[in-house]
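Quick notes on the structure that follows.
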Amino acid sequence: MEILIEISKQLEIGNDEKVFELTKDAIGRNIDPKLILSDGLISGMNVIGEQFRKHEIFLPDVLMAAKAMYAGMDLLKPHFIKDGIPTLGKIVIGTVKGDLHDLGKNLVGIMLKGAGFEVIDLGKDVPPEKFIETAKDESANLIGMSSLLTTTLPVMQEVIHLLKQNNLSGDIKTIIGGAPVSKEYAEKIGADAFAFDASNSVIIAKELMGKI
Ligand code: B12
């Protein structure tokens with residue numbers, strides 16, 4: 001769809017105002033918000049990721065693209081969140097210590113909330129102890145961790161280790177995600193589950209609730 005391609009292009013050049021306008025326009029035209037997200041915003045961010053990897057663009061360009069992504073995401077957010085009392089379970093979510101990437105984690109939070117989970121978002125750069133303390137204090141069912149950097153992946157393992165040490169791994173299940181994370185990695189570090197994107201997170205989180 002023309003407008004979604006345009007959203008993607010404007011995100012790539014970091015034009016947050018244009019992304020805002022076009023996203024608003026697309027919503028007004030009753031285009032499925034999930035499609036606006038996948039074929040507009042995420043599609044543009046994928047191009048950015050690839051260009052950054054090849055050193056064709058630099059950090060300030062990525063920052064501008066991220067700002068543009070947020071401009072669109074903020075408009076889409078209410079369309080993913082249903083009214084009503086959350087009933088499915090409680091999840092503490094955050095990006096692990098040392099990592100400041102939060103776009104993906106925030107998307108996962110929005111989708112889980114939309115599906116009926118209560119979401120406690122600890123933000124980014126979250127120390128392992130903070131995940132455990134909050135999950136304990138809030139009697140959460142799940143802990144969701146995001147890591148986009150390979151260097152911060154071991155922090156996830158620390159959290160899982162701490163959960164075991166505190167005899168909490170039976171009551172609190174862990175779900176992990178982020179670009180360098182895989183199902184194999186989740187198994188290796190003893191996480192209960194891995195999800196590759198926000199929609200998949202909802203399916204997997206529901207499955208995990210059935211195991212508690
Ligand atoms: C945007 C971006 C940034 C932005 C982040 C802005 C923000 N507020 O988030 C900024 C400019 C700040 C940034 C900084 C850096 N970045 Co950066 N960044 C990216 C980029 C281009 C896109 C990430 C993104 O937002 N994608 C869009 C979202 C929607 O997708 P996602 O994050 O993958 O999330 C989805 C899934 O993974 C999953 N998921 C994610 N989290 C979770 C959590 C749970 C619980 C579950 C179930 C699922 C799940 O669901 C999400 C939704 O569908 C990636 C490239 C890439 N291929 O990922 C590089 C990338 C991650 N960055 C990279 C690097 C190196 C850096 C810097 C170190 C650069 C530098 N020299 O300073 C710094 C690190 C700063 C820090 N300490 O964190 C590397 C990492 C390499 C590595 N393997 O370690 C990448 C891969 C680029 C590259 N190819 O080199 N970056």
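Order of appearance sets the numbers: ligands from 1, and atoms from 1 within every ligand. These figures come from a predicted structure and were not determined experimentally.
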Inset, instruction - Record the part of His101 in heavy-atom contact with ligand 1 below 4.0 Å; permitted values are side chain, backbone, both and neither. - result: both

Legend entry - Ala195 and ligand 1 - part of the residue with a heavy-atom distance under 4.0 Å: both

Legend entry - Residue and atom name of the nearest protein heavy atom (relative to atom 87 (C) of ligand 1), distance in Å to one decimal: Phe52 CD2, 3.5 Å

Inset, instruction - Between Phe194 and ligand 1, find which residue part has any heavy-atom pair under 4.0 Å and reply side chain, backbone, both or neither. - result: neither

Legend entry - Protein heavy atom at shortest distance from atom 78 (O) of ligand 1: Leu100 N, 2.6 Å

Legend entry - Backbone of His101 reached by a side-chain donor or acceptor of Thr95 within 3.5 Å: yes

Inset, instruction - Could you tell me the residue and atom name of the protein heavy atom closest to atom 47 (C) of ligand 1, and the distance to it rounded to 0.1 Å? - result: Ser201 OG, 3.3 Å

Legend entry - Distance filter under 4.0 Å to Ala66 heavy atoms, resulting ligand 1 atoms: 6 (C)

Legend entry - For atom 70 (C) of ligand 1, the protein heavy atom that lies nearest, with its residue and separation: Leu59 CD2, 3.9 Å

Inset, instruction - Mark yes or no for whether Asp102, through its side chain, and Lys105, through its backbone, hold a donor-acceptor pair below 3.5 Å. - result: no

Legend entry - Interfacing atoms of ligand 1 (cut-off 4.0 Å, heavy-atom, Met145): 43 (C), 44 (C), 45 (C)

Inset, instruction - Could you name the option among Gly49, Gly94, Gly177 that has the heavy atom nearest to atom 48 (C) of ligand 1? - result: Gly177

Legend entry - Identity and separation of the nearest protein heavy atom to atom 83 (N) of ligand 1: Thr150 OG1, 3.5 Å

Inset, instruction - Please lay out, stage by stage, how Met145 and Ile160 fare under the test side chain to side chain contact (heavy atoms under 4.5 Å, CB included). - result: CA-CA 10 Å; Met145 291 176 272; Ile160 291 161; 4.3 Å; yes

Legend entry - Expected output: side-chain Asp25 to main-chain Glu21 donor-acceptor under 3.5 Å: no

Inset, instruction - May I ask you to check if ligand 1 and Arg53 share an N or O to N or O distance below 3.5 Å? - result: no

Legend entry - Backbone N/O of Leu149 and side chain of Thr152: donor-acceptor pair under 3.5 Å: yes

Inset, instruction - Please answer whether the main-chain N or O of Lys90 pairs with a side-chain N or O of Asn141 as donor and acceptor at a distance below 3.5 Å. - result: yes

Inset, instruction - Measure the shortest side-chain to side-chain distance between Leu103 and Met45 over non-hydrogen atoms and say whether it is less than 4.5 angstrom. - result: yes

Inset, instruction - Flag Thr151 as yes when one of its N or O atoms lies below 3.5 Å from any N or O atom of ligand 1, and as no otherwise. - result: no

Inset, instruction - For atom 23 (C) of ligand 1, state which one of Leu148, Leu37, Val96 supplies the nearest heavy atom. - result: Leu148

Legend entry - Validation row: Glu158, Val96 side chains within 4.5 angstrom (heavy atoms): no

Legend entry - Heavy-atom protein neighbour under 4.0 angstrom from atom 56 (C) of ligand 1: no

Inset, instruction - State whether the side chain of Thr23 and the backbone N or O of Val19 hold a donor-acceptor pair below 3.5 Å, judged by distance alone. - result: yes

Inset, instruction - Would you name the heavy atoms of Lys113 and Val119 that are closest together and state the gap between them? - result: N-CG2, 3.8 Å

Inset, instruction - Would you check the N or O atoms of Leu149, main chain and side chain alike, for any that come under 3.5 Å of an N or O of ligand 1? - result: no

Legend entry - Atoms of ligand 1 close to Asp197 [distance to a heavy atom under 4.0 angstrom, numbered from 1]: 38 (C), 50 (O), 53 (O)

Inset, instruction - Would you mind telling me if ligand 1 is within reach of the side chain of Lys124, the backbone, both or neither, using heavy atoms under 4.0 Å? - result: neither

Inset, instruction - Considering only protein heavy atoms, determine whether one is less than 4.0 Å from atom 67 (C) of ligand 1. - result: no

Legend entry - Check: Leu103 N/O within less than 3.5 Å of ligand 1 N/O: yes

Inset, instruction - For residues 178-195, pull every pair meeting side-chain hydrogen bond (donor to acceptor under 3.5 Å, both in side chains), keeping only residues two or more places apart or in separate chains. - result: Thr174-Asp192, Lys183-Glu187

Inset, instruction - Would you mind listing which atoms of ligand 1 come within a distance below 4.0 Å of any non-hydrogen atom of Ile175? - result: 45 (C), 47 (C)

Inset, instruction - Only heavy atoms count here, so choose which of Asp102, Val108, Leu153, Ile176 is nearest to atom 49 (C) of ligand 1. - result: Val108

Legend entry - Any side-chain heavy-atom pair of Leu22 and Ile3 under 4.5 Å: yes

Legend entry - Asp16 and Tyr70: side chain donor to acceptor below 3.5 Å: no

Inset, instruction - Heavy-atom contacts with Gly144 under 4.0 Å: which atoms of ligand 1 show up? List them by number with element. - result: 45 (C)

Inset, instruction - Looking only at protein heavy atoms, identify the closest one to atom 53 (O) of ligand 1 and say how far it is in Å. - result: Ala198 N, 3.2 Å

Inset, instruction - Considering only non-hydrogen protein atoms, determine which one is nearest to atom 2 (C) of ligand 1 and report residue, atom name and distance to 0.1 Å. - result: Val62 CG1, 3.3 Å

Legend entry - Expected output: side-chain Asp99 to main-chain Ser147 donor-acceptor under 3.5 Å: no

Legend entry - Pairwise side-chain contact, Val126 with Lys97, heavy-atom cut-off 4.5 Å (strictly under): no

Inset, instruction - From the options Thr152, Leu107, Asp125, select the one whose nearest heavy atom is closest to atom 29 (C) of ligand 1. - result: Leu107

Inset, instruction - Kindly say whether Leu162 contributes a backbone atom to a donor-acceptor pair with the side chain of Asn166 at under 3.5 angstrom? - result: yes

Legend entry - Donor-acceptor pair, side chain of Asp137 and main chain of Thr134, under 3.5 angstrom: no

Inset, instruction - Check each atom of ligand 1 against the heavy atoms of Asp99 and keep those under 4.0 Å away; list them by number with element. - result: 78 (O)

Inset, instruction - Specify the protein heavy atom at minimum distance from atom 37 (O) of ligand 1: its residue, its atom name, and the distance to 0.1 Å. - result: Gly178 CA, 3.3 Å

Legend entry - Shortest heavy-atom approach to atom 43 (C) of ligand 1 - which of Gly104, Gly98, Ser146, Ala186: Ser146

